[in-house]
Number of protein chains: 2
Amino acid sequence: MSRPREFDYDKVLHQLMLVFWQKGYKGTSLTDLMESSKLKKPSIYGAYGDKHAVFIKALRLYRMQAMESIQQLLSRENSALKTLELWKSNLLDSDSSNCPKGCFIVNMALELGTEDAEAKVEIDALFEDSEKLLEEVIRRGQKNLEITSRYPARIIAQNLATAQHGVRVLEKAGASPDKMKAILDYSIESILADRDA
Amino acid sequence: MSRPREFDYDKVLHQLMLVFWQKGYKGTSLTDLMESSKLKKPSIYGAYGDKHAVFIKALRLYRMQAMESIQQLLSRENSALKTLELWKSNLLDSDSSNCPKGCFIVNMALELGTEDAEAKVEIDALFEDSEKLLEEVIRRGQKNLEITSRYPARIIAQNLATAQHGVRVLEKAGASPDKMKAILDYSIESILADRDA
DNA sequence: TTTATTATTGACCGAACGGTAATTAAAAGT
DNA sequence: ACTTTTAATTACCGTTCGGTCAATAATAAA
């Protein structure tokens, strides 16, 4: 018993996310959001809330998509090495794709730090979850003797996650895909098991 | 034959840098700069130029200080391992010190990306120079058989630099010093030579 | 067909933004 | 003492910011 909205809520939220991803939180104005969504201010406000609420919804959407993406990596029952290669390709592909540079969450972690409590929830959640998924991959690889057991899986996973953050920094700063590839190649190669013995 | 300025140019620039470091470029208003420097708007403008010019001067100051700091690490003729330990302590100390979280340059790299050409000069310069200094340390360590020669010094240095960026991300996001220490410990330990043979 | 509810629109708000013109004050050169 | 030059202060400018009010339009329920 009411007028239905004339736009696709999820589709528009995706568009809004892209704007925040590209321009940052403070760098995005309501005018930017209006242009990309082709909605007027009160429509955005009515559907998603104020600027900060839109932003948090955008962060959450990004996190969900990112989580799904990396969970798919693991669900396919590949070897640990193959999974890590897919992880690497994923990082390199996103660089050449048409979406904004870098990881939205990492970008926002550095813009907002720990000041925005709601944003911090999303940031911490993605960081922890992706670290845990990497740990699971490493654990598998250690059981299969693909990956060194010289260090605990957790430590190795922490380091891979940190390397990923670092690569995101380089990506955003305009580093070449070749350089990013070299770094990720090393990150993987240096934890292979056949070095041990 | 003119009136001298009543404040210390360099001291005030340092203060202004801290504001940009803490609040980011877009997050810093002229009012913020006025409060921290205790100067009025036209005084700031007269001495340093407009907001963007102040910002670039602040970035350059930070880069100079950072460069000097890491060059000092190398100039003391320690072993490569000792130098890397100092490098690690440096990263961990800056976390517990009273200056803003994270690396100013990394923060700005992620806020501005490649859009601000003048800022990009400073960002690229610090990234490249710190990578080169790390490469020099690694090269020394390889000659002394302290550090593995399984990979070229340049690759190892790239990876250490990337780990540093990643740690800066974690620091800014509020990670514990313990976690950062664990990651840096691994980064160093995993390139020691006594693993090879 | 009427009524209730909600989406959309256009106009508008006060506040904060970066920046500047005009004035006053202070030093140095003559 | 007087002029010149530059710093500091005050008041102000136009623009953009995020947000909202009032009016209109569209749907579903009665």
Side-chain angles (χ1 to χ4, degrees), chain A residues 1-61 104 107-108 111-112 115-119, chain B residues 1-60 107-108 111-112 115-119:
Chain A
M1 64 136 95
S2 78
R3 178 177 178 178
R5 65 167 54 101
E6 297 175 1
F7 58 92
D8 183 323
Y9 181 97
D10 292 321
K11 229 171 207 169
V12 167
L13 184 55
H14 181 79
Q15 280 304 118
L16 297 173
M17 179 195 75
L18 290 177
V19 182
F20 280 119
W21 188 354
Q22 195 183 18
K23 306 195 149 198
Y25 178 63
K26 286 157 193 158
T28 297
S29 70
L30 290 199
T31 305
D32 294 326
L33 297 178
M34 286 166 59
E35 283 172 1
S36 85
S37 65
K38 288 166 185 177
L39 295 177
K40 315 293 178 183
K41 250 182 285 186
S43 292
I44 298 175
Y45 198 89
Y48 309 97
D50 64 12
K51 180 185 175 183
H52 189 261
V54 180
F55 172 67
I56 296 297
K57 286 184 173 66
L59 266 188
R60 187 143 34 215
L61 172 62
F104 182 28
N107 295 352
M108 293 307 96
E111 177 176 342
L112 306 171
E115 288 177 11
D116 186 325
E118 290 184 83
Chain B
M1 64 142 89
S2 78
R3 177 177 179 179
R5 65 167 53 101
E6 298 175 0
F7 59 90
D8 183 325
Y9 182 96
D10 292 321
K11 228 171 206 168
V12 167
L13 183 55
H14 181 80
Q15 279 305 117
L16 297 172
M17 179 195 76
L18 290 176
V19 182
F20 280 119
W21 187 355
Q22 195 182 18
K23 305 195 150 198
Y25 178 64
K26 285 157 193 159
T28 297
S29 70
L30 289 199
T31 305
D32 294 327
L33 297 178
M34 286 166 58
E35 284 172 0
S36 85
S37 65
K38 288 167 183 175
L39 296 177
K40 315 293 178 184
K41 251 183 284 185
S43 293
I44 297 175
Y45 198 89
Y48 308 97
D50 65 12
K51 180 185 175 184
H52 188 261
V54 180
F55 172 67
I56 297 297
K57 286 182 171 67
L59 265 188
R60 187 143 35 216
N107 295 354
M108 293 307 95
E111 177 177 342
L112 306 171
E115 288 176 13
D116 185 325
E118 291 184 83

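Throughout, a chain's letter reflects where its sequence line sits, starting with A, and its residues are numbered from 1. Side chains included, hydrogens not; waters and symmetry mates left out as well; all remaining heavy atoms used.
- Each of A/R5 and B/Y45 lies near DNA chain C, and the nucleotide nearest A/R5 is the one positioned closer to the 5' end.
- We find the NZ-NE2 distance between A/K57 and A/H52 to be 11.0 Å, quoted to the nearest 0.5 Å.
- Proximity of a side-chain donor or acceptor of A/Y9 to a complementary backbone N or O of A/Y48 within less than 3.5 Å is not detected.
- The side-chain heavy atoms of A/L39 and A/V12, taken from C-beta on, include a pair separated by under 4.5 Å.
- Atom NZ of B/K40 and atom C1' of C/dG18 are 17 Å apart (whole Å).
- Side-chain contact between A/I44 and A/L30: absent, with no pair of heavy atoms (C-beta onward) separated by less than 4.5 Å.
- In this structure, B/K41 places its NZ atom 19 Å from P of D/dA7, rounding to the nearest Å.
- Expressed to the nearest 0.5 Å, how far NE2 of A/H14 lies from CG of A/D8 amounts to 11.5 Å.
- Between the CE atom of B/M34 and the C1' atom of D/dA11 there is a distance of 12 Å, rounded to whole Å.
- In this entry the distance linking NZ of A/K38 with C1' of C/dT8 reads 17 Å, nearest Å.
- Considering only the side chain of B/S29, C/dC17 comes nearest among C/dG19, D/dG19, C/dC17.
- Across the interface with DNA chain C, nearest-nucleotide mapping of A/G46 and B/H52 shows A/G46 to be the residue nearer the 5′ end.
- Between B/L18 and B/S36 there is no side-chain heavy-atom pair separated by less than 4.5 Å.
- Here the P atom of nucleotide D/dC13 and the CG atom of B/L30 are 18 Å apart, to the nearest Å.
- Taking every heavy atom of residues 17-26 of chain B and every atom of DNA chain C, no pair lies under 4.0 Å.
- Note that the CD1 atom of A/I56 and the CG atom of A/D116 stand 5.0 Å from one another [nearest 0.5 Å].
- In this structure, A/K26 forms no cation-pi arrangement with B/Y25, as its terminal cationic atom is not both closer than 6.0 Å to the ring centre and no more than 45° off the ring axis.
- No more than 12 heavy atoms of other residues, nucleotides or ligands sit less than 6.0 Å from atom NZ of A/K23.
- Taking only side-chain atoms of A/P42, from C-beta outward, the nucleotide of D/dC17, D/dT20, C/dT20 with the closest atom is D/dT20.
- Taking CG of B/L33 as the reference point, atom NZ of B/K51 lies at 7.5 Å (rounded to 0.5 Å).
- For the pair A/D50 CG and D/dG19 P, the computed distance is 5 Å after rounding to whole Å.
- Aromatic ring orientation, A/F55 versus A/F20: perpendicular (interplanar angle above 60°, classes split at 30° and 60°).
- The CD atom of A/E118 lies 11.5 Å from the CG atom of A/L112; values are rounded to the nearest 0.5 Å.
- For the pair B/D32 CG and C/dA16 P, the computed distance is 12 Å after rounding to whole Å.
- Within the helix from C/dT1-D/dA30 to C/dT30-D/dA1, the inter-axis angle between the opening and closing five-pair segments is 0°, rounded to 10°.
- Spacing between atom CG of A/D8 and atom C1' of C/dA7 amounts to 15 Å, rounded to whole angstrom units.
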Atom pairs under 3.5 Å: protein N/O with N/O of nucleotides 23-26 of chain C:
| residue | atom | partner | partner atom | Å |
| --- | --- | --- | --- | --- |
| C/dA25 | N3 | B/R3 | NH1 | 2.9 |

